[in-house]
A.B. asks: 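Dropping the structure in here first, questions after.
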Amino acid sequence: MSKAAPAKKPVASAPPPGCTLDINDPQVQSAAIRIQASYRGHRSRKELREKGPPRVLEPLKDVVLIEGSAAKLTCRISAFPDPFIRWSKDGKELRDGPKYRYVFEDPDVVALVVRDGELADLGQYSINVTNPFGQCSDSARILVEVPAKIQKGPDNTKARKGTTVTLTAEILGEPAPDVGWTKDGEDIEEDDRVFFEIGSTTTTLTIRRATPQDSGKYEVYVENSLGMDQSFARVDVA
């Protein structure tokens with residue numbers, strides 16, 4: 001019996017001319033570097049696109065604004081490409097200027113500075129962040145603290161017997177101040193003839209059917225946790 005011839009190992013064929021690749025060739029290395037850089041750039045852009053619309057990373061927090069000082073609302077966001085920022089108060093857009101200042105502290109931190117604080121600055125503040133992928137928003141309150149004060153005190157008054165006398169003072173304060181009236185240093189005991197009313201910005205003392213005994217020095221005072229104020233007026237009934 002004849003023996004089968006041993007199988008021959010396959011011989012690798014040589015690459016066609018011009019198809020050899022020398023990994024040590026500087027041009028080949030340069031091309032490889034460009035391909036890697038392109039891939040990394042593609043991957044980075046893909047990762048950024050996957051973040052979608054802007055997001056609030058650290059929300060706004062309520063802040064307290066002292067009269068005459070400044071307050072800052074700060075928000076940390078994530079957004080690419082660079083977003084358009086809009087701030088508003090109680091639904092009304094705020095323009096960047098002397099009173100309201102748009103601040104960009106870090107690539108992802110934005111803030112609104114409110115200067116020269118006053119009671120009118122109390123309210124709800126919102127930020128709206130928009131880019132081509134979408135938008136996000138957040139809001140917080142600025143709470144204003146104002147020492148109790150009398151903006152305008154009552155006027156000195158002369159009245160005829162039997163008429164009605166009213167003394168009015170313009171008041172201000174946040175938190176809302178306690179209000180009181182005195183006559184010649186004594187607290188006024190209210191009844192249906194002598195009484196006072198307290199509004200959000202005024203207080204009025206009413207004296208009905210005035211008599212000469214109602215003549216005297218009247219004082220109105222206001223007080224809250226930040227301070228107090230007082231004012232006087234003279235009433236003469238004849």
A.B. asks: With the side chain counted from C-beta on, respond yes when Val114 and Tyr100 share a heavy-atom pair under 4.5 Å apart, and no when they do not.
C.D. replies: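 Of all side-chain heavy-atom pairs linking Tyr100 with Val114, at least one is under 4.5 Å.
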
A.B. asks: Donor-acceptor pair, Asp214 side chain versus Lys161 backbone, under 3.5 Å?
C.D. replies: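 Flag not set: sc Asp214 to bb Lys161 has no pair under 3.5 Å.
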
A.B. asks: Please name the pair of heavy atoms, one in Asp121 and one in Val144, separated by the smallest distance, quoted to 0.1 Å.
C.D. replies: C-CG2, 3.8 Å

A.B. asks: Could you check whether any side-chain heavy atom of Val220 comes within less than 4.5 Å of a side-chain heavy atom of Val179, counting everything from C-beta outward?
C.D. replies: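 A side-chain contact exists here, since the closest heavy-atom pair is under 4.5 Å.
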
A.B. asks: Would you say Thr206 and Thr166 are linked by a side-chain donor-acceptor pair, where the criterion is simply a distance under 3.5 Å?
C.D. replies: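 Looking only at side-chain atoms, Thr206 and Thr166 do not form any donor-acceptor pair under 3.5 Å.
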
A.B. asks: Quick check on the hydrophobic clustering: are Ile188 and Ile171 connected, directly or via other members, by side-chain heavy-atom contacts under 4.5 Å?
C.D. replies: yes

A.B. asks: Taking side chain to side chain contact (heavy atoms under 4.5 Å, CB included) as the definition, give me every residue that meets it alongside Glu223, ordered by chain and number, with sequence neighbours left out.
C.D. replies: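 Listed in chain order: Met228.
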
A.B. asks: I need the minimum non-hydrogen distance between Val165 and Ala210, along with the two atoms involved.
C.D. replies: CG2-CB, 4.0 Å

A.B. asks: I need the Leu205 CG to Phe195 CZ distance, nearest 0.5 Å.
C.D. replies: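 Rounded to the nearest 0.5 Å, the CG-CZ separation comes to 8.5 Å.
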
A.B. asks: About how many Å separate CZ of Arg55 and CG of Asp108, when rounded to the nearest 0.5 Å?
C.D. replies: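 Answer for the CG-CZ pair, Asp108 versus Arg55, is 11.0 Å.
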
A.B. asks: How about Asp90: does its CG atom have over 12 heavy atoms from other parts shown lying under 6.0 Å from it?
C.D. replies: yes

A.B. asks: Drop me the distance from Leu172's CG to Thr201's OG1, to the nearest 0.5 angstrom.
C.D. replies: 9.0 Å

A.B. asks: Please answer whether the main-chain N or O of Phe80 pairs with a side-chain N or O of Asn131 as donor and acceptor at a distance below 3.5 Å.
C.D. replies: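 Such a contact is found between Asn131 side chain and Phe80 backbone.
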
A.B. asks: In the single-linkage hydrophobic clustering (I, L, V, M, F, W, Y; side-chain heavy atoms under 4.5 Å), do Phe84 and Leu73 co-cluster?
C.D. replies: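 The answer is no; the residues belong to distinct hydrophobic clusters.
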
A.B. asks: Does the side chain of Pro53 reach to within under 4.5 Å of the side chain of Cys136, using non-hydrogen atoms?
C.D. replies: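 No, every pair of side-chain atoms sits at 4.5 Å or beyond.
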
A.B. asks: Are Ile150 and Val235 connected into the same hydrophobic cluster when the rule is that any two of I, L, V, M, F, W, Y join if their side-chain heavy atoms are below 4.5 Å apart?
C.D. replies: yes

A.B. asks: Please give me the minimum heavy-atom distance between Leu226 and Glu174, naming the atom from each residue.
C.D. replies: CD1-O, 3.7 Å

A.B. asks: Just verifying a value: how many Å separate Gln213 CD and Ile207 CD1, rounded to the nearest 0.5 Å?
C.D. replies: 12.0 Å

A.B. asks: Please give me the minimum heavy-atom distance between Pro177 and Gly173, naming the atom from each residue.
C.D. replies: CD-O, 3.8 Å

A.B. asks: What about Ile142 and Tyr102, same hydrophobic cluster or not, with Ile/Leu/Val/Met/Phe/Trp/Tyr joined at side-chain heavy-atom distances under 4.5 Å?
C.D. replies: yes

A.B. asks: Between Glu219 and Thr182, is a side-chain hydrogen bond (donor to acceptor under 3.5 Å, both in side chains) present by the stated rule, with each step listed?
C.D. replies: CA-CA 5 Å; Glu219 174 195 2; Thr182 68; 3.2 Å; yes

A.B. asks: Fit a plane to each ring of Trp181 and Phe196, take the angle between them on a 0 to 90° scale, and name the class: parallel (under 30°), tilted (30 to 60°) or perpendicular (over 60°).
C.D. replies: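 If you compare the ring of Trp181 with that of Phe196, the planes turn out tilted.
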
A.B. asks: Any donor and acceptor pair, going by atom type alone, linking the side chain of Arg193 with main-chain N or O of Arg208 inside 3.5 Å?
C.D. replies: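 Yes; judged by distance alone, with no hydrogens or angles, the pair exists.
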
A.B. asks: Rounded to the nearest 0.5 Å, what separates atom CG in Leu94 from atom CD1 in Ile127?
C.D. replies: 11.5 Å

A.B. asks: Which heavy-atom pair separates Leu167 from Pro154 by the least distance, and what is that distance?
C.D. replies: CB-CB, 3.9 Å

A.B. asks: Start with the C-alpha distance between Glu58 and Arg76, add both sets of side-chain angles, then the distance that settles salt bridge (Lys or Arg N to Asp or Glu O under 4.0 Å), and finish with yes or no.
C.D. replies: CA-CA 5 Å; Glu58 292 183 13; Arg76 184 179 294 275; 3.5 Å; yes

A.B. asks: Taking the side chain as every heavy atom from C-beta outward, state whether Ser78 and Leu57 have any pair of such atoms under 4.5 Å apart.
C.D. replies: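 They are in contact (side-chain heavy atoms under 4.5 Å apart), so the answer is yes.
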
A.B. asks: Between Asp116 and Lys99, which heavy-atom pair has the shortest distance, and what is it?
C.D. replies: O-NZ, 3.0 Å

A.B. asks: Can you measure from OG (Ser215) to CG (Asp184) and round to the nearest 0.5 angstrom?
C.D. replies: 9.5 Å

A.B. asks: Step by step, would you call Glu105 with Lys72 a side-chain contact (heavy atoms from CB on, under 4.5 Å)?
C.D. replies: CA-CA 12 Å; Glu105 297 180 336; Lys72 182 165 72 173; 2.7 Å; yes

A.B. asks: Do Cys75 and Val56 pass the side-chain contact (heavy atoms from CB on, under 4.5 Å) test, and can you show the C-alpha distance, the side-chain angles, and the key distance before you say yes or no?
C.D. replies: CA-CA 7 Å; Cys75 183; Val56 175; 3.9 Å; yes

A.B. asks: Taking a hydrophobic cluster as the set of Ile, Leu, Val, Met, Phe, Trp and Tyr residues connected by side-chain heavy atoms closer than 4.5 Å, whether directly or through intermediates, do Val237 and Val194 fall within one such cluster?
C.D. replies: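 Yes; Val194 is reachable from Val237 via cluster members.
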
A.B. asks: Does the Thr163 side chain pair with the main chain of Arg160, one donor and one acceptor, at a distance under 3.5 Å?
C.D. replies: yes

A.B. asks: Between Asn156 (side chain only) and Arg234 (backbone N and O only), is there a donor and an acceptor less than 3.5 Å apart?
C.D. replies: yes

A.B. asks: In residues 59-70, what donor-acceptor pairs under 3.5 Å come from side-chain atoms, sequence neighbours left out?
C.D. replies:
residue : atom : partner : partner atom : Å
Asp62   : OD1  : Arg141  : N            : 2.7
Glu67   : OE1  : Lys149  : NZ           : 3.3
Glu67   : OE2  : Lys149  : NZ           : 3.4
Ser69   : OG   : Ile66   : N            : 3.4
Ser69   : OG   : Ile66   : O            : 2.6

A.B. asks: Is a side-chain donor-acceptor pair under 3.5 Å present for Thr130 with Asn128?
C.D. replies: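 Yes, a side-chain donor-acceptor pair sits under 3.5 Å.
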
